[in-house]
Amino acid sequence: MFPTLRCIVRFYAEGFRSMTALGRTLWIVVLVKLFVMFAVLKLFFFPDFLAGKSDGERAAYVLEELTDGGA
Amino acid sequence: MDYLQTVDWSRAQFAMTAVYHWFFVPLTLGLSVLAAIMETLYYRTGDVFWRRTTRFWMRLFGINFAIGVATGLILEFEFGTNWSNYSHFVGDIFGAPLAIEGIMAFFLESTFIAVMFFGWDKVSRGAHLAATWLTAVGANLSALWILVANAWMQYPVGCRFNLQTVRNEMTSFWEVALSPVAVNKFFHAVASSFVLAALFVVGVSAWYLLRRREERMARGSIAIASFFGAVFAVVTAVTGDRSGAVVARVQPMKLAAMEALYDGEAGASLTVVGLLRRDRADDDGPFRFRIGIPKLLSWMSFRDAESYVPGIRDLVAGNAERGILSAEEMMARGRKAVAELGRYRAAREAGDRAAMAAVERKFDPAAPEGEEFLREYFAYFGYGYLESPAQTVPNVPLLFYSFRVMVGAGVFFIVLLAAVWWLNRRGTLASARWLLRLCVWMIPVAYLASQAGWAVAEAGRQPWAVQNLMPVGVAASKIPSASVGTTFFLFLALFTVLLAVEISILLRQIRLGPDGAEIPEPEKL
């Protein structure tokens, strides 16, 4: 098991080491994008609207929304 | 008032996010398969030309994949924030396909994409080829589960509404996964993505031929992509036709709006081209001019050239002769279903178990009164929230013109790709420079047609978030419209930057060519 794991780790390490300039640029774009999405957007702009409520409270909240008529 | 604005902002934000997300997806789906086909040729022939060609297209695939990856996650965030009532109401039915997508397809794709990019000369040729194909399969499986979830919104089957949890629960996975809407939607969306990718490869290769660069690679790529694209353009047309027949049954208002068919008719003709009047209630009819094919709409809808296709007025005012309920009647039935839910809420808050049990029986398909209530009233639940029958009509001009852009472009692509394949085979394509220029310009047209297809599918579903069960007004969260408006522009900026980065990197890599060498003085197109 360990030799296989070592092979996989080495495969990835060599892959990253021998990456072209284009590959590096793309990884930077990916990391910046993921940071913006998870550390900025998710934290500050996407609070889960029903978060912190138990299943029963969520059901009661949505029942209230549905029976109060929405728009 | 603020809530209505919130709904509109939330819809605009979701539509904008989905449009940008779909700029990345179809090329990933199609180019992964085309790269796999080219690598298969390398594996079978051992010719390094195909290895070089595969690696070039794989590089462009990698750019598109890297920039586009995880853009769909913002859509999932929006479900929780802007559409919390919807997210709770659809429950596990929507969650299950998305979870399968995340666990199975995305990890399959992510695992093998590493071997695909890092594995050249490190794993055997066969193992590398398998990784490339598995990446393509994984990408397309991801699309399958997303499209299954979307299809359920258009045609909610295989579920039961649970009164206690106030959410729909899946009763049959296979009914959800293999519904006619899901099956047609998957094959139609994937086949059209293959066509887009084929046009991308043909367009980029045409650009090389125009500049007399990389001519062997360009001709070889065109040979594969034009044949592949022509075949899948036909598959797109066939699945589109089947989708139309399903829409006629399960979303008749969408079909009527796509055709701007206000008055239903037997032996209805299909509009090929037309210009709509501004005043749709005009006595002269909805068209300034129109060219149609007699009886074709009836045949395509119900496979019977004389069948009756209901129009918008039939579906709003009802047509007793044809057994079509009026929107008013459906709204009355929906209000009764909503009122029963209100009774349940009051009983639950009062702790009246007998009253709760009475309502529960109505929502139980196994109980005699439940079977009737669910069929006659709950089936129209969403209509109970509408304020006027006119709300059941989607945006007719948007659907009418989007549908014609999609179909017109699709038919043209069949002819174009077949012609390009034939001329390339005869060795005369390089001299048809006007056709090569046309191929380059077809890249943005393919994206436009693809987006127009989604406009038909999603704008045609309005006013529903879930067809007949939940209108968008009820699906949205009650959050301040100002915050949704602010995030709209934030995402617009983020996605525009991402798209600009992708286009600039792609163009640079195309200019560099397969060996990464810049050509000093490029000849103008």
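Hydrogens, waters and symmetry mates are skipped; everything else that's a heavy atom, side chains included, is used. Please read these numbers as outputs of a predicted model, since none were measured by experiment. The chains referred to below are lettered A, B, ... by the order of the sequence lines, with proteins before strands, and numbering in each begins at 1.
Residue A/Phe11 comes nearest to B/Val123 through the heavy atom pair CE1-CG1, 4.4 Å, listed as atom of the first residue, atom of the second, then distance. Taking both residues in full, the closest heavy atoms of B/Met470 and A/Leu66 are given as CE-CD2, 3.7 Å, listed atom of the first, atom of the second, then distance. Nearest heavy atom pair, residue B/Ile67 against residue A/Lys33, reads O-NZ, 2.6 Å. For B/Val166 against A/Ala59, the heavy-atom pair with the smallest separation is CG2-O, 3.4 Å. Residues A/Leu63 and B/Tyr344 come closest through the heavy atom pair CD2-CD2, 4.3 Å. Listed here is the closest heavy atom pair of A/Tyr12 and B/Thr111: OH-O, 3.9 Å.
For B/Arg345 and A/Asp68, the salt-bridge test passes: some basic side-chain N is under 4.0 Å from an acidic carboxylate O.
Of the atoms belonging to B/Ile505, it is side-chain heavy atoms, and not backbone ones, that fall under 4.5 Å from chain A. Using a 4.5 Å cut-off between heavy atoms, B/Leu386 makes no contact with chain A at all. Heavy-atom distances place the side chain of B/Gln509, and not its backbone, under 4.5 Å from chain A. In this structure, no portion of B/Arg167 lies under 4.5 Å from any heavy atom of chain A.
In this structure, A/Glu64 CD and B/Asn85 CG are separated by 10.5 Å, a value rounded to the nearest 0.5 Å. For the atom pair CE (A/Met19) and CZ (B/Phe117), the distance works out to 11.5 Å, reported to the nearest 0.5 Å.
Note on A/Leu22, A/Thr20, A/Val29: by heavy-atom pairs under 4.5 Å with chain B, the leading option is A/Leu22.
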Fill in: Derivation of the side-chain contact (heavy atoms from CB on, under 4.5 Å) call for A/Glu65 and B/Val474
CA-CA 8 Å; A/Glu65 287 284 294; B/Val474 178; 5.9 Å; no

Worksheet item: Is there a side-chain contact (heavy atoms from CB on, under 4.5 Å) between B/Ile63 and A/Leu26 once you walk through the steps?
Response: CA-CA 7 Å; B/Ile63 295 165; A/Leu26 291 176; 3.9 Å; yes

Practice prompt. Step by step, work out the side-chain contact (heavy atoms from CB on, under 4.5 Å) result for B/Lys122 and A/Ser18.
Written response: CA-CA 12 Å; B/Lys122 293 196 178 90; A/Ser18 56; 4.1 Å; yes

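Around CZ of A/Phe35, the count of heavy atoms belonging to other residues, nucleotides or ligands within 6.0 Å does not exceed 12.
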